[in-house]
Amino acid sequence: MLTSEQAKQNQEKYGFNELVEGKKKSIPQIFLEQFKDFLVIILIFAAVISGFLGDAESAIVIFVVITINAILGTVQTVKAEQSLKSLKQLSAPEAKVRRDGVVIQIPSREVTIGDEVIIEGDCIPADGKLLTVASLKVDESALTGESLSVEKSLDEVPEGAALGDQTNRVFSGSFATYGRATCEVTEIGMETEVGKIAKLL
């Protein structure tokens with residue numbers, strides 16, 4: 001449990017509990033970036049040389065392949081940006097934490113390392129280790145793909161256990177479907193499991 005002063009210091013040290021988007025690029029910018037790849041540059045040179053040597057058919061085929069590749073790359077990048085928006089929507093708008101010995105409701109972006117979060121049938125705002133458990137079940141399908149809710153406990157799990165097997169921990173972006181618990185926040189923002197997915201995107 002933190003005091004208000006400790007929470008403020010931790011926020012200054014670790015930042016806010018939110019997923020950070022990189023600088024937004026326009027679709028034409030994304031499309032042009034597809035041509036920066038070393039292999040694509042080699043193919044462009046090959047097409048130009050083929051053109052100079054009078055092999056127009058080969059040059060056209062290479063340019064068509066390069067263009068299709070650029071279009072597919074652009075579509076994938078745009079879809080990845082949309083996926084990041086979907087991940088941000090998984091974040092809980094608010095969280096209940098115990099600070100200065102009192103339970104208060106705060107915006108989830110203000111949750112910080114060391115906070116004691118109260119979990120009661122809502123979205124989990126950050127990754128943390130469970131302190132108390134009362135029949136807690138959590139839907140972690142957004143992270144693990146597992147459709148059934150996972151029953152949580154205080155039993156220790158082996159170091160490096162798979163995400164779905166870490167029954168003594170809760171993760172940002174998952175939902176408490178039954179029971180209640182408290183947890184100590186260990187990771188926030190881009191350092192959470194959902195944050196790591198956002199980084200890959």
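It should be emphasised that the depicted structure is a prediction, and the values quoted were computed from it without experimental measurement.
- Considering every non-hydrogen atom in both Gly189 and Asn17, the closest pair reads N-OD1, 2.8 Å.
- No chain of hydrophobic side-chain contacts below 4.5 Å, direct or via other Ile, Leu, Val, Met, Phe, Trp or Tyr residues, connects Ile71 to Ile41.
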Output a table of donor-acceptor pairs, distance under 3.5 Å, between side-chain atoms of residues 59-68 and any protein atom two or more places apart or on a different chain; print 'none' if there are none.
| residue | atom | partner | partner atom | Å |
| --- | --- | --- | --- | --- |
| Thr67 | OG1 | Phe63 | O | 2.7 |

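- Pairs passing the ring-ring contact (aromatic ring centres under 6.0 Å, His included) check and including a residue from residues 31-53, sequence neighbours excluded, read Phe31-Phe35.
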- Begin from the C-alpha positions of Val138 and Ser149 and carry the test side chain to side chain contact (heavy atoms under 4.5 Å, CB included) through to its verdict. CA-CA 5 Å; Val138 178; Ser149 293; over 6 Å; no

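- Asp127 and Glu193 make their closest contact through OD2-N, 2.9 Å (heavy atoms, listed as atom of the first residue, atom of the second, distance).
- Atoms CD1 and SG, from Ile119 and Cys183 in turn, are 4.0 Å apart once rounded to the nearest 0.5 Å.
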- Message: With side chain to side chain contact (heavy atoms under 4.5 Å, CB included) as the criterion, how do Phe171 and Gln166 come out once you've worked through the C-alpha distance, each side chain's angles and the decisive distance to 0.1 Å?
- Response: CA-CA 10 Å; Phe171 303 99; Gln166 295 183 34; 3.7 Å; yes

- Determine, step by step, whether Gln34 and Val40 satisfy the side chain to side chain contact (heavy atoms under 4.5 Å, CB included) criterion, reporting the C-alpha distance in whole Å, the side-chain angles of both residues, the deciding distance to 0.1 Å, and the verdict. CA-CA 8 Å; Gln34 305 305 312; Val40 172; over 6 Å; no

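- In summary, Glu18 and Arg109 engage in a salt bridge, as defined by a charged side-chain N under 4.0 Å from a carboxylate O.
- Annotation for Val185 and Ala126: closest pair CG1-CB, 3.8 Å, computed over non-hydrogen atoms.
- Clustering ILVMFWY residues whenever any of their side-chain heavy atoms sit less than 4.5 angstrom apart, transitively, puts Ile124 in the very cluster that holds Tyr14.
- Glu110 and Arg99 are not joined by a salt bridge, as no carboxylate oxygen comes within less than 4.0 angstrom of a charged side-chain nitrogen.
- Side-chain atoms of Ser141 and Ser147 form no donor-acceptor pair, as typed in the model, at a separation below 3.5 Å.
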- Trace of the side-chain hydrogen bond (donor to acceptor under 3.5 Å, both in side chains) decision for Thr186 with Arg169: CA-CA 10 Å; Thr186 53; Arg169 295 178 55 78; 3.1 Å; yes

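- By the rule that hydrophobic residues join a cluster once side-chain heavy atoms approach within less than 4.5 Å of another member, Ile188 and Val117 end up as members of one cluster.
- Side chain of Asp37 to main chain of Leu39: a donor-acceptor pair is present (N/O by atom type, distance under 3.5 Å, no hydrogens or angles).
- Proximity of a side-chain donor or acceptor of Asp115 to a complementary backbone N or O of Val97 within less than 3.5 Å is not detected.
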- Task: Please assess Thr182 against Leu130 for the test side chain to side chain contact (heavy atoms under 4.5 Å, CB included), listing each intermediate value before the final yes or no.
- Result: CA-CA 6 Å; Thr182 61; Leu130 290 166; over 6 Å; no

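- The two residues Leu154 and Thr132 come nearest to each other via the heavy atoms CD2-N, 4.0 Å.
- In this structure, Leu148 CG and Glu140 CD are separated by 12.0 Å, a value rounded to the nearest 0.5 Å.
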